[in-house]
Amino acid sequence: MPKDNDFFSSVYQVVRKIPDSKVTSYGSIAKYLGMARSARMVGWAMNQAGSQIPPVPAHRVVNRNGLLTGKAHFSPPEKMERLLKEEGVLVKNDCIVNFKEHFWDVEQELSL
DNA sequence: AGCCTGACTTTGT
DNA sequence: GACAAAGCCAGGC
């Protein structure tokens with residue numbers, strides 16, 4: 001799957017560029033890649049993130065509401081918010097506190 | 001081929 | 001402000 005791998009690789013690269021204590025949304029990544037209407041594909045890509053080398057910090061990717069929608073897909077679901085807390089991101093009730101402050105806009109940070 | 005599901009987002013009621 | 005529906009692409013059955 002070389003062709004599709006390119007899209008996934010792009011997602012992984014962007015996610016890896018996310019600095020500590022920062023998070024982003026699937027939509028931002030998708031839009032940056034030109035698939036603004038396919039945020040789900042980003043999530044699907046994250047599904048393979050665990051199989052990628054090096055591993056992708058998928059815990060820094062959340063939905064538009066700052067909700068840890070993908071935490072259930074982690075090895076232990078608690079690992080996601082634990083990692084976020086370790087990086088300085090407060091998580092409460094599976095939601096990121098001060099999400100907009102921790103939000104890392106791909107298009108903005110990468111100077112699109 | 002057809003239908004259903006999914007780590008999303010936006011819009012309309 | 002909350003809930004429902006639609007749009008989107010890919011994969012599994």
Side-chain angles (χ1 to χ4, degrees):
Chain A
M1 58 306 248
K3 201 162 69 171
D4 295 311
N5 189 21
D6 186 74
F7 165 69
F8 291 114
S9 290
S10 300
V11 177
Y12 304 142
Q13 277 186 79
V14 174
V15 175
R16 286 203 219 93
K17 286 177 180 173
I18 301 174
D20 294 352
S21 61
K22 291 288 185 237
V23 291
T24 189
S25 61
Y26 304 91
S28 297
I29 298 172
K31 189 176 181 184
Y32 177 74
L33 297 176
M35 301 186 80
R37 286 151 188 173
S38 304
R40 294 183 171 185
M41 295 299 89
V42 178
W44 206 253
M46 294 289 98
N47 196 320
Q48 295 186 57
S51 303
Q52 293 308 309
I53 310 172
V56 179
H59 61 274
R60 293 183 186 154
V61 184
V62 295
N63 71 336
R64 207 41 178 148
N65 294 311
L67 182 66
L68 307 181
T69 52
K71 75 160 199 170
H73 285 251
F74 275 71
S75 351
E78 307 86 49
K79 188 173 187 181
M80 185 173 186
E81 71 177 79
R82 189 181 72 191
L83 288 170
L84 289 171
K85 287 180 179 177
E86 287 286 306
E87 295 181 357
V89 180
L90 296 179
V91 179
K92 181 155 195 161
N93 197 11
D94 301 341
C95 294
I96 296 177
V97 183
N98 300 328
F99 174 61
K100 64 178 184 180
E101 293 184 12
H102 291 293
F103 183 64
W104 188 76
D105 191 346
V106 181
E107 297 184 276
Q108 181 134 21
E109 297 301 324
L110 296 185
S111 262
L112 184 60

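Below, chain A is the first sequence line, B the second, and so on; all start at residue 1. Keep in mind it's a predicted model, so treat the numbers as computed, not measured.
Distance check on atom P: C:dA5 versus B:dC4 gives 15 Å, rounded to whole Å.
A straight line from CD1 of A:I96 to P of B:dA7 spans 17 Å, rounded to a whole angstrom. To the nearest angstrom, C1' of B:dT5 lies 11 Å from CE of A:M41. At whole-Å resolution of the value, CG in A:D105 and P in B:dT9 are 13 Å apart. Rounded to whole Å, atom C1' of C:dA10 lies 16 Å from atom OH of A:Y26.
Set against B:dT9, C:dC8, B:dA7, the side chain of A:A39 has B:dT9 as its closest nucleotide. Nearest to the side-chain atoms of A:W44 among the listed nucleotides C:dC9, C:dG11, B:dT9 stands C:dG11. For A:R64, the listed nucleotide lying nearest its side chain is B:dT9; candidates were B:dT9, C:dA10, B:dA7. Out of B:dA7, C:dG11, C:dC8, the shortest distance to the side chain of A:T69 is found at B:dA7.
Tested against A:E87, the residues A:H59, A:R82, A:K22 include a single side chain to side chain donor-acceptor pair (under 3.5 Å) partner, A:H59. Evaluated for a side-chain contact (heavy atoms from CB on, under 4.5 Å) with A:E81, the options A:L90, A:V91, A:N93 yield exactly one hit, A:V91.
Base engagement by A:A58 is indicated by at least one non-hydrogen atom pair under 4.0 Å involving a base atom. Counting any heavy atom pair closer than 4.0 Å across all strands shown, A:N63 reaches sugar-phosphate atoms only and no base atom.
Classified by interplanar angle (parallel below 30°, tilted 30° to 60°, perpendicular above 60°), the ring pair A:Y12/A:F8 is parallel.
For the pair A:R60 (side chain) and A:V23 (backbone), a donor-acceptor distance under 3.5 Å is absent.
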